[in-house]
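Only this structure's heavy atoms are used, side chains among them; waters, hydrogens and symmetry mates stay out. Labels below follow one simple rule: chain letters A, B, ... track the order of the sequence lines, proteins then strands, and each chain is numbered from 1.
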There are 2 protein chains.
Amino acid sequence: MAAPDTGTVYRADCPSRPILDQIADKWSMMAMAVLAEPRRFNDIKRRLEGVTQRVLTQTLRRLERNGMIVRRVLPTSPVGVEYSLTPLGESLREPFGRLYDWTVAHTGEIHESQQRYDKRLRAEES
Amino acid sequence: MAAPDTGTVYRADCPSRPILDQIADKWSMMAMAVLAEPRRFNDIKRRLEGVTQRVLTQTLRRLERNGMIVRRVLPTSPVGVEYSLTPLGESLREPFGRLYDWTVAHTGEIHESQQRYDKRLRAEES
DNA sequence: CGGAATCCGATTGGATACTG
DNA sequence: CAGTATCCAATCGGATTCCG
């Protein structure tokens, strides 16, 4: 199976660790999905309902630094900026998509588990 | 392809959002991988080099609440606690494994991109 | 052994105002 | 339009101590 060998990974020097830190967060995953086609800043912002300008900027900067997306300034007036996926970023959409599909498929199960857990906790506290 | 439709997802009420918030973090992913076989608290802690007791406890609690793992108190002295994956948690290892494999495969590319980015940034500041 | 509780510095993130 | 800058509140997380 695809999962890592549990004997050798997840030490402090495991190369996957800093990378997961950089890309495995909510907004990065959403931004990558939305960037299936090139989009401009405010377009992305509108689609990621709830994200603030500050956080979106930081997210896009980090994705750019890690080679997932490219930032292109358009020669318009006023200036426009278009973001698009690199081949590297494109290749990440597949594993991300798997994860997304999984969450959608198991949403109900998870919510039920949460409610059972919270109920049990409240019962113990009484 | 497996990725979500960019026209309809990532709204505030998209069911994937709170779930990704809960599971798509570094320590959760590492803990899930390490729990390929049932393990006790301090065993997990040793394998996740760098994690503190506090953070590991919080991580395991959240995974338990979301139905990914079960916590079993062993009738030993002193008490032992064993964590193991539920079927739901087991099913998550596959998409997680894909993501892990991806990070390992592209570590080099990402580091190069980071260095190019940082270098370019320093050049502009001067 | 496997936590819970507390303290506290560091980081995050929202709101707001300003800019080329 | 696409940011940057600043302020500030909340959260996170490390270290330490105590407990059944």
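- Distance CZ/R62(A) to CD1/I69(A): 10.5 Å, rounded to 0.5 Å.
- Between the CD atom of Q58(B) and the P atom of dG2(C) there is a distance of 18 Å, rounded to whole Å.
- Inter-residue side-chain proximity for S113(A) and N66(B) is flagged as unmet; no heavy-atom pair is nearer than 4.5 Å.
- Within the 4.5 Å cutoff, side-chain heavy atoms of E90(A) are placed close to those of R93(A).
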Please lay out, stage by stage, how R122(A) and D118(A) fare under the test salt bridge (charged side-chain N to carboxylate O under 4.0 Å, His left out).
CA-CA 6 Å; R122(A) 280 195 301 272; D118(A) 295 346; 5.3 Å; no
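- We find that CG of L60(A) is positioned 11 Å from P of dA2(D), with the value rounded to whole Å.
- What separates CG of L74(A) from P of dC1(D) is a distance of 13 Å, to the nearest Å.
- For N42(A), the side-chain atoms get nearest to dC1(D) when compared with the rest of dA4(C), dC1(C), dC1(D).
- The distance from atom CZ of R61(B) to atom P of dG13(D) is 16 Å, rounded to the nearest whole Å.
- A straight line from CG of D25(B) to P of dT11(D) spans 17 Å, rounded to a whole angstrom.
- V70(A) has its side chain out of reach of E64(A): every pair of non-hydrogen atoms, C-beta onward, lies at least 4.5 Å apart.
- Contact check, R71(B) against dG3(C): a side-chain N or O comes under 4.0 Å of OP1 or OP2.
- Here Y83(A) does not reach the OP1 or OP2 of dC1(D): none of its side-chain N or O atoms lies under 4.0 Å away.
- Annotation: side chain of R71(B) is not in contact with side chain of L60(B) (no heavy-atom distance under 4.5 Å).
- Remark: P of dG2(C) and CZ of R39(B) are 13 Å apart, rounded to the nearest angstrom.
- Y83(A) is not listed as a side-chain neighbour of D43(A), based on a closest heavy-atom distance of 4.5 Å or more.
- Set against dG3(D), dG3(C), dC1(C), the side chain of V81(B) has dG3(C) as its closest nucleotide.
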Tabulate atom names and distances for all N/O pairs under 3.5 angstrom spanning the protein and nucleotides 14-20 of chain D.
residue: dG14(D); atom: OP2; partner: T52(B); partner atom: OG1; Å: 3.0
residue: dG14(D); atom: O6; partner: R54(B); partner atom: NE; Å: 2.9

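- The shortest distance between the side-chain N/O atoms of R40(B) and the OP1/OP2 oxygens of dC1(C) is not below 4.0 Å.
- Taking atom CZ on R46(A) and atom P on dA2(D), their separation rounds to 8 Å, with Å as the unit.
- Between E124(B) atom CD and dT4(D) atom P the separation is 12 Å, expressed in whole Å.
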